[in-house]
Protein chains: 2
Amino acid sequence: MGITDRKEREKQEMRKLIISAAMEMFITEGFDKTSIRNIADKIEYSPATIYLYYKDKDELLYEVQGQAFMEIYNAFVRDVTATDPMDRLQQLLHSYVNFGFEHPDLYDLMFILRSPMNATENDWPNCDEAYHFLTKTLEECIDQLRFTDVNLAALSIWGLGHGLISLYIRERIKVTKIPDDQIRTAIKATVDEQLRLIKR
Amino acid sequence: MGITDRKEREKQEMRKLIISAAMEMFITEGFDKTSIRNIADKIEYSPATIYLYYKDKDELLYEVQGQAFMEIYNAFVRDVTATDPMDRLQQLLHSYVNFGFEHPDLYDLMFILRSPMNATENDWPNCDEAYHFLTKTLEECIDQLRFTDVNLAALSIWGLGHGLISLYIRERIKVTKIPDDQIRTAIKATVDEQLRLIKR
DNA sequence: TTTATTTACTGAACACTGTTTATTAAGTTT
DNA sequence: AAACTTAATAAACAGTGTTCAGTAAATAAA
């Protein structure tokens with residue numbers, strides 16, 4: 001049936017159109033300040049139409065999260081090029097931190113925003129892959145680390161990286177009185193120091 | 001003038017009434033799900049009345065933040081009782097992490113929520129005091145640490161603590177697949193390990 | 001080709017949100 | 001007792017996410 005094929009294709013295109021617009025606005029305006037009506041305006045459809053393709057605003061976020069996790073994963077693949085395991089770990093961390101600096105709104109909706117974690121309890125698209133990149137990288141050098149459990153090592157390194165970036169994004173790091181133009185280097189230095197610390 | 005005194009007193013009482021109601025609802029429902037109308041209902045006044053005492057919803061948050069920072073500071077004073085500097089540091093960290101576990105919604109509005117950081121750019125009530133508790137505690141044992149700069153040491157320890165708690169509160173830590181009933185102990189263990197790591 | 005049916009879309013509404021303003025009622029001063 | 005000041009509110013405005021009855025076009029059946 002050619003027609004149903006085309007219909008399906010058009011449906012997918014419409015979904016993509018909506019998500020692209022949503023993502024663009026989430027990045028430039030943030031999730032909260034982007035309304036369904038804004039998105040509808042941008043793609044020149046009525047707000048109600050969006051609800052024919054997505055259940056609610058959370059599903060839009062869920063989908064954009066998936067895209068964003070793909071992007072950070074691709075950044076990992078792009079940046080982590082070394083062969084030495086410890087070097088790879090460092091490259092991974094730099095890649096992560098840089099992603100946060102360069103795409104703060106994406107980082108926000110991936111790791112900070114409270115939202116569609118209700119989606120089937122467990123599966124969280126493409127986040128697993130990104131996390132797996134970390135655990136895999138850690139596995140390769142776990143014998144050089146002061147950790148025996150990969151998950152605990154991940155906690156120690158992801159926790160710090162995320163903590164610093166989110167304090168930065170949500171402007172809490174200001175309380176340290178570290179000058180604005182030095183914060184990024186301070187964060188990077190702290191993360192690098194962490195790598196040295198966890199080395200056996 | 002007795003009357004103006006009483007008026008001033010009544011005004012302050014009203015402000016307190018509003019803030020108490022707001023705080024209670026921020027804790028039980030969260031900031032986003034608490035509306036001005038809800039608060040007004042609770043104290044049996046009209047929504048417009050609240051605007052006679054506070055500029056906007058952000059000012060409410062700002063005020064509750066102040067209270068919350070006082071509370072965490074009090075928790076620090078209560079929990080950090082040791083005389084040995086390193087012990088004090090550990091007690092401080094435990095106090096911080098426990099506060100996050102026991103008052104997740106307060107923690108949220110203090111450290112995660114995006115909001116009234118616009119308030120005069122700089123002053124952020126009672127947060128400085130709490131942060132100062134950390135830097136002071138660090139100063140006392142900086143010679144036993146692998147850091148020379150107190151602010152960088154704070155970054156390393158606050159960053160990790162905050163990172164883990166916020167990943168927990170915003171449910172991102174689930175991706176580690178660490179069983180729910182083990183996460184808290186895993187977080188505490190990670191923080192303790194960090195203390196060992198930064199020890200010279 | 002004409003009729004029937006399915007599909008895609010939308011205008012208008014609902015129930016909420018933060019916030020402002022004109023009006024009323026009470027308290028205070030003259 | 002009259003004039004003035006203050007405190008509180010009802011009602012409105014502009015926005016939000018979301019739903020639903022109704023319309024117009026595309027497809028299927030006659």
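Everything quoted here is computed from the prediction, not taken from an experiment. In what follows, chains are A, B, ... by sequence order, proteins preceding strands, each numbered from 1.
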(request) Taking only the side-chain nitrogens and oxygens of B:N38, find out if one of them lies under 4.0 Å from OP1 or OP2 of C:dC16. (result) no
(message) Show, in sequence, the C-alpha distance, side-chain angles and deciding distance for B:R114 and A:D108, and conclude whether the salt bridge (charged side-chain N to carboxylate O under 4.0 Å, His left out) test is met.
(response) CA-CA 10 Å; B:R114 187 202 295 291; A:D108 200 83; 3.3 Å; yes
(request) Determine, for A:K136 against A:E140, whether the closest basic-nitrogen to carboxylate-oxygen distance falls under 4.0 angstrom. (result) no
(message) Under 4.0 Å, heavy atoms only, any strand: does B:Y54 hit a base, just the sugar-phosphate, or nothing?
(response) nothing
(request) Identify, between A:K57 and B:E44, the residue whose nearest nucleotide on DNA chain D lies closer to the 5' end. (result) B:E44
(message) Using a 4.0 Å heavy-atom cut-off, does A:D32 contact any base of the nucleic acid, only the sugar-phosphate backbone, or nothing at all?
(response) nothing
(request) Would you indicate which nucleotide in D:dA8, C:dG11, D:dT18 comes nearest to any side-chain atom of A:D56? (result) D:dT18
(message) Nearest to the side chain of A:S46, heavy atoms from C-beta on, is which of D:dT18, C:dG11, C:dT19?
(response) C:dG11
(request) To the nearest Å, give me how far apart CG (B:L52) and P (D:dT9) are. (result) 9 Å
(request) For the residue pair A:F69 and A:F111, categorise the inter-ring angle as parallel (less than 30°), tilted (30 to 60°) or perpendicular (more than 60°). (result) perpendicular
(message) What is the separation between atom OH on A:Y51 and atom P on D:dT16, rounded to the nearest whole Å?
(response) 11 Å
(request) Write down the distance between CD1 (B:I36) and P (D:dT16), rounded to a whole number of angstrom. (result) 18 Å
(request) Would you tell me if any nitrogen or oxygen in the side chain of B:T49 comes within less than 4.0 Å of OP1 or OP2 on D:dT9? (result) yes
(message) In whole Å, I'd like the distance from the CD atom of B:E10 to the C1' atom of C:dT28.
(response) 13 Å
(request) Specify the residue among A:A48 and B:T34 whose closest nucleotide of DNA chain C lies further upstream toward the 5′ end. (result) A:A48
(message) Can you tell me if A:Y53 touches the phosphate of C:dC9, counting only side-chain N or O atoms and a distance under 4.0 Å to OP1 or OP2?
(response) yes
(message) Please determine whether a side-chain nitrogen of the Lys or Arg among A:D105 and A:K33 lies less than 4.0 Å from a carboxylate oxygen of the Asp or Glu.
(response) no
(message) Same cluster or not: B:M70 versus B:L109, using hydrophobic residues (I, L, V, M, F, W, Y) connected whenever any side-chain heavy atoms lie under 4.5 Å apart?
(response) no
(request) Have a look at B:S35 and say if it touches a base, only the backbone sugar-phosphate, or nothing, with a 4.0 Å heavy-atom cut-off. (result) sugar-phosphate
(message) Rounding to an integer number of Å, can you tell me how far B:D58 CG sits from C:dG18 C1'?
(response) 11 Å
(message) Once hydrogens and angles are ignored, does a donor-acceptor distance under 3.5 Å link the base of D:dG17 to the side chain of A:R37?
(response) yes
